[in-house]
2 protein chains.
Amino acid sequence: MLTIGKLGEAAGVKVPTIRYYEQIGLLPEAERSAGNQRLYGRKAMERLAFIRHARDLGFTLEAIRDLLSLSDRPDQSCAAADAIARAQLAEIESRLARLTALKAELERMVVQCAGGKIADCRVIEVLGDHSLCATDHRHPESEVPS
Amino acid sequence: MLTIGKLGEAAGVKVPTIRYYEQIGLLPEAERSAGNQRLYGRKAMERLAFIRHARDLGFTLEAIRDLLSLSDRPDQSCAAADAIARAQLAEIESRLARLTALKAELERMVVQCAGGKIADCRVIEVLGDHSLCATDHRHPESEVPS
DNA sequence: CCTTGAAGCTATAGTTGCTAGAGACATTAG
DNA sequence: CTAATGTCTCTAGCAACTATAGCTTCAAGG
Ligand SMILES: [Zn+2]
Ligand SMILES: [Zn+2]
Ligand SMILES: [Zn+2]
Ligand SMILES: [Zn+2]
C-alpha cells in the first residue's frame with residue numbers, strides 16, 4: 001500500500017491532483033490508514049496511470065470518465081471507446097490545422113519586421129489589421145486546452 | 001458612436017467579452033450615454049480589433065496588454081514587440097510538435113483496434129500502458145490554450 | 001403617447017484542470 | 001523526544017471567458 005505521495009511519485013502526478021481526481025469521482029475514495037491517510041493499492045495505481053496517460057494524449061476528464069466506465073465493462077462492444085478516440089483524433093487534427101496557420105502568420109510577421117521604431121513595426125501593423133494576413137486563421141469554434 | 005452590441009457585431013466579439021476587457025483594463029472605460037450605456041468611437045474599435053486579432057493568433061491577454069502599451073509609444077524601438085511575437089511563435093511551434101506526436105499515437109490506436117469487445121480493445125489497452133506507444137508524447141510543461 | 005420587446009446595465013457564479021495556501025494532525029529519522 | 005516532513009481539509013486562485021438574474025433604457029409600432 002502506497003501513501004498518496006508515493007503514488008504520485010510513481011505515477012508522475014502531483015499529490016493535489018490525485019486528491020482532485022478523487023473529489024470529482026474519477027478515482028474511487030481511497031482506503032484510509034489508522035491515522036486517516038489515504039492508502040493505495042495496485043488497482044488505484046493502474047487507474048491513475050490510465051487517467052494520466054489519457055490526459056497526456058489530450059483527452060478531457062469527461063472523456064476519460066466515459067473511457068473508464070467503459071473499461072469496467074469488458075464484455076461490451078468497444079465501439080463507444082473507439083468513437084471517443086476518433087473524436088479526440090479529429091479534435092487534435094483541427095487544432096493542428098489551426099496552429100499550422102498561426103505559425104505561418106507569426107513567421108510572416110516576424111520575418112517582415114525590419115526592426116526599427118514601433119511606428120514602422122510590421123508585427124504591430126499586422127496585429128492591427130487582419131487583411132494583411134495571408135491566411136484566414138480566425139478562431140472557428142471553442143478554445144480548448146492542448 | 002456605436003453601442004456595445006454594434007461594436008461587438010462589427011468586431012466579431014461577444015458583448016460580455018467587451019465588458020470583460022474593460023473590466024480588466026485592456027479597453028479603457030467607455031464613454032456613457034445619458035442613459036448610462038457605453039458608447040464607442042473609432043479608436044475603441046481599432047483597439048478591440050487589435051485585441052481580437054492578437055487573440056486569434058494565440059497571444060495571451062498579458063502579452064496583448066504589453067503589445068498595446070508598446071503600440072502607444074510609436075517612437076520607441078520595436079525590439080520588445082518583436083520579442084513577444086517570437087516568443088509566441090516558439091510557443092506555437094512547441095504545441096505543434098506535441099500535437100503532431102499526439103496525432104500519430106491516436107491514429108495508431110484507432111487503426112490497430114479490430115473493433116471487438118472492450119477486453120480486446122486496442123484503444124483501452126494503449127491508454128492503460130504508455131509503453132505501447134511509439135513515441136514519447138508525455139506532457140513536458142504547462143497546459144496552455146490554443 | 002404608450003406599450004412592448006430588444007438591448008443594455010451591474011453583480012455574481014460557473015466553466016476546465018488543476019495549483020497554492022492556511023492551519024491542524026500523522027509519521028518518521030535521528 | 002523532538003524536529004522535519006508528509007498528509008489532512010477547506011478555501012481561493014489561474015486564464016479567458018460565458019451564463020444567469022434582476023434590473024433600466026431605448027427604438028419602433030399602433
Ligand atoms: Zn518590429
Ligand atoms: Zn490575421
Ligand atoms: Zn476498440
Ligand atoms: Zn503514450
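By convention in this document, chain letters (A, B, ...) are assigned in the order of the sequence lines, proteins followed by strands, and residues within each chain are numbered from 1. For the numbers below, each heavy atom of this structure counts, side chains included, while hydrogens, waters and symmetry mates do not.
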Can you name the side chain to side chain donor-acceptor pair (under 3.5 Å) partners of A:Arg47, sequence neighbours left out?
->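 Testing A:Arg47 for side chain to side chain donor-acceptor pair (under 3.5 Å), a comparison that skips the adjacent residues, returns none.
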Please identify each residue that fulfils side chain to side chain donor-acceptor pair (under 3.5 Å) with B:Arg73, with sequence neighbours left out.
->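 Residues passing side chain to side chain donor-acceptor pair (under 3.5 Å) with B:Arg73: none at all.
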Whole-Å distance between C:dT16 C1' and A:Ile64 CD1?
->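 These atoms are roughly 12 Å apart.
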Classify the nucleic acid contact of A:Arg65 as base, sugar-phosphate or nothing, counting any heavy atom under 4.0 Å across all strands shown.
->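 Nothing, no heavy atom under 4.0 Å.
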Tell me, which of residues 21-32 of chain A have any heavy atom that sits under 4.0 Å from an atom in DNA chain D?
-> A:Arg32
Any idea which heavy atoms bring A:Ile18 and A:Ile4 closest together, and the distance?
-> CD1-O, 3.8 Å
Nearest-nucleotide pick for [X], side chain only, options being [options]:
X: A:Arg38; options: C:dT10, D:dC8, C:dC18; value: D:dC8
X: A:Tyr20; options: D:dC17, C:dG8, C:dC18; value: C:dC18
X: A:Thr3; options: D:dT7, C:dC18, C:dG8; value: D:dT7
X: B:Leu61; options: D:dT7, D:dA16, C:dG17; value: D:dA16

With sequence neighbours excluded, give me every salt bridge (charged side-chain N to carboxylate O under 4.0 Å, His left out) pair touching residues 75-88 of chain A.
-> none
Do any pairs count as a salt bridge (charged side-chain N to carboxylate O under 4.0 Å, His left out) and have a residue in residues 120-136 of chain B, sequence neighbours left out, and if so which ones?
-> B:Arg122-B:Glu125, B:Asp136-B:Arg138
Give each protein N/O atom lying under 3.5 Å from an N/O atom of nucleotides 20-29 of chain D, with the pair distance.
| residue | atom | partner | partner atom | Å |
| --- | --- | --- | --- | --- |
| D:dC26 | OP1 | B:Gly35 | N | 3.1 |

Going by side chain to side chain contact (heavy atoms under 4.5 Å, CB included), name the residues that satisfy it together with [X], two or more places apart in sequence or in a different chain.
X: B:Ala134; result: B:Glu105, B:Arg108
X: A:Arg32; result: A:Glu22, A:Asn36, A:Arg38
X: A:Ser33; result: A:Gln37, A:Leu39
X: B:Ala101; result: B:Thr135, B:His137

Output a table of nitrogen or oxygen pairs between the protein and nucleotides 2-4 of chain C separated by less than 3.5 Å.
none

Set of residues satisfying salt bridge (Lys or Arg N to Asp or Glu O under 4.0 Å) with respect to B:Arg65, sequence neighbours excluded |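 Residues passing salt bridge (Lys or Arg N to Asp or Glu O under 4.0 Å) with B:Arg65: B:Glu62.
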